[in-house]
Amino acid sequence: VSETKSLGEFERIATFFAPLAAPEALGLTDDAAVMAPTPGFEIVLTTDTMIGGVHFFPDDPPDLIARKLLRVNLSDLAAMGARPRGYLLASAWTRDTGDAWIARFAEGLAADQKLFGAPLFGGDTAATDGPIALTITAIGEVEAGKALRRSAAQVGDEVWVSGTIGDAVLGLRVRKGEALGIVDASATGLLARHQLPTPRLALGRALVGRARAAIDVSDGLAADLGHICEASGVGAEIMADRVPLSPAARAALGAGKTDVAELVAGGDDYELCFTLPAGATPPDTAAAGIACTKIGRIVAGAGVRLLGTGGREIALRRTGFRHF
Ligand SMILES: [Mg+2]
């Protein structure tokens, strides 16, 4: 905790953040939170930082910034098969960040922590000359020994992905003002995928004891599947025509404004990519909250190959795109 708290900071905590606090946070008046794990479960911890001008535009709506920050952390819990318990927030506001901005930021947190069952456990605030830096540490839990891992894929496994791929990278292009040759409603939908991803928590829970390896798609489908391959000591093939695309992405593709290589390289989709033993079926859509699509298979070797019609290899773009 900072030694130089102003009264203003205490007032901000009391006004905006105390209403978000979980019982474990002890009213945000102690030095730390106290949490009891559920018997038979292990604690799962993850953290993610978003910096103004790097991970969000300084004029993005503060509530959407808050919600995305919480959601990207919850997505990491989903990838591990964990259910959320709560989160910690460390924020470095610029000196000109007004109370109105922080009030809207807290409103975003309030909405999503209720939606996902992850209340505030505590945090810290500091002032900076800029840019704004916001860190959430999410705390979850999973049945002991059952966490989904990147390292468990086996040759012969089939590769699955939830939802649709590439919407967020196209949404970022919409945010930058690019025309994608699609109707406004489609562009708005893509922008929403970029600004407000959905952590696949129900799917992650349904994959516990069922999936071999799993990861969330934050760096791009090809890069993240590559992380599974590296950790598991295997390779993977993706069939380009099986990659699930939204109607909006399909329209942009049809208009010649994108290609499959961009869509599988784009980040921020926050879908889950996972492997199942050959012939196994994924959790049904009702239980998982989202449809899943089989897109390829795990093979001997290393790295990810994208295959087009007739097995022709499509060159992958430099992957791991994350920032702008
Ligand atoms: Mg991740």
Side-chain angles (χ1 to χ4, degrees), residues 40-41 44 74-84 116 140-168 193 197-218 220-247 249-250 260 263-264 269-301 304-309 311:
F41 282 68
V44 180
L74 296 178
S75 179
D76 279 328
L77 292 184
M80 302 296 290
R83 64 188 186 199
F116 298 110
E141 60 184 11
V142 66
E143 292 83 353
K146 299 289 189 186
L148 302 174
R149 303 285 308 276
R150 298 178 178 184
S151 55
Q154 295 181 18
V155 173
D157 279 2
E158 290 167 333
V159 178
W160 293 75
V161 73
S162 63
T164 56
I165 289 298
D167 295 327
R193 287 292 311 267
T198 302
R200 301 303 182 191
L201 287 161
L203 174 59
R205 294 293 295 146
L207 290 174
V208 170
R210 188 194 293 248
R212 286 234 171 88
I215 193 168
D216 68 323
V217 178
S218 56
L221 175 63
D224 288 309
L225 180 55
H227 296 324
I228 285 181
C229 289
E230 204 175 326
S232 299
V234 296
E237 293 174 348
I238 303 174
M239 307 302 154
D241 62 357
R242 291 211 194 147
V243 175
L245 302 181
S246 67
R250 209 167 278 288
V260 176
L263 300 177
V264 301
D269 288 316
Y270 297 101
E271 297 296 345
L272 294 187
C273 176
F274 54 95
T275 79
L276 297 177
T281 50
D284 65 49
T285 305
I290 185 76
C292 297
T293 306
K294 182 164 64 180
I295 57 168
R297 62 195 182 108
I298 297 294
V299 297
V304 176
R305 296 169 72 224
L306 179 63
L307 302 179
T309 46

(Q) Under the salt bridge (charged side-chain N to carboxylate O under 4.0 Å, His left out) test against Glu158, which residue among Arg242, Arg297, Lys294 passes? (A)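 That would be Lys294.
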Q.
Using the salt bridge (charged side-chain N to carboxylate O under 4.0 Å, His left out) definition, which of the options Lys146, Arg83, Arg205 pairs with Glu141?
A.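 Single pass found, and it is Arg83.
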(Q) What's the separation between atom SG in Cys273 and atom CD1 in Ile228, rounded to the nearest 0.5 Å? (A)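 Between atom SG of Cys273 and atom CD1 of Ile228 there are 4.5 Å.
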(Q) Return the CZ to CG distance between Arg212 and Leu207, rounded to the nearest 0.5 Å. (A)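 One finds 13.5 Å between CZ of Arg212 and CG of Leu207.
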What is the minimum heavy-atom distance between [X] and [Y], and which atoms define it?
{"X": "Ala153", "Y": "Ala213", "answer": "N-CB, 3.5 Å"}
{"X": "Ala202", "Y": "Ala287", "answer": "CB-O, 3.8 Å"}
{"X": "Ala82", "Y": "Val142", "answer": "CA-CB, 4.0 Å"}
{"X": "Ile290", "Y": "Gly163", "answer": "CG1-N, 3.5 Å"}
{"X": "Leu77", "Y": "Pro84", "answer": "CD1-CA, 3.8 Å"}
{"X": "Pro283", "Y": "Leu203", "answer": "CG-CD1, 4.0 Å"}

Is there side-chain contact between [X] and [Y], with at least one heavy-atom pair below 4.5 Å?
{"X": "Tyr270", "Y": "Pro199", "answer": "no"}
{"X": "Ser232", "Y": "Arg150", "answer": "no"}
{"X": "Leu245", "Y": "Leu263", "answer": "yes"}
{"X": "Val161", "Y": "Cys292", "answer": "no"}
{"X": "Ile295", "Y": "Pro244", "answer": "yes"}
{"X": "Phe274", "Y": "Leu148", "answer": "no"}
{"X": "Ile238", "Y": "Val243", "answer": "yes"}

Q | Atom CZ of Arg210 with >12 non-hydrogen neighbours under 6.0 angstrom | A |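 Enclosed: over 12 neighbouring heavy atoms sit under 6.0 Å from CZ of Arg210.
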Q.
Quick check on Glu143: does its CD atom have over 12 non-hydrogen neighbours (other residues, nucleotides or ligands) under 6.0 Å away?
A.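 Check passes, neighbour count above 12.
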Q. What do the steps show when you test Asp157 against Leu276 for side-chain contact (heavy atoms from CB on, under 4.5 Å), and what is the final call?
A. CA-CA 5 Å; Asp157 279 2; Leu276 297 177; over 6 Å; no
Q: Determine the sole option in Leu272, Leu225, Asp224 for which the side-chain contact (heavy atoms from CB on, under 4.5 Å) test with Ile215 is passed.
A: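 Result for side-chain contact (heavy atoms from CB on, under 4.5 Å) with Ile215: Asp224.
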(Q) I'd like to know if the side chain of Asp269 and the backbone of Ile165 have a donor-acceptor N/O pair within less than 3.5 Å. (A)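 No: the side chain of Asp269 does not pair with the backbone of Ile165.
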**Q.** Donor-acceptor contact below 3.5 Å, side chain Asp216 vs main chain Ser218
**A.**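 Between the backbone of Ser218 and the side chain of Asp216 there is no qualifying donor-acceptor contact (under 3.5 Å).
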Q: Step by step, work out the side-chain contact (heavy atoms from CB on, under 4.5 Å) result for Val260 and Leu306.
A: CA-CA 9 Å; Val260 176; Leu306 179 63; 4.1 Å; yes
(Q) Assess, by modelled atom type and distance only, whether the side chains of Thr164 and Arg193 contain a donor and an acceptor separated by less than 3.5 Å. (A)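 Side chains of Thr164 and Arg193: pair found under 3.5 Å.
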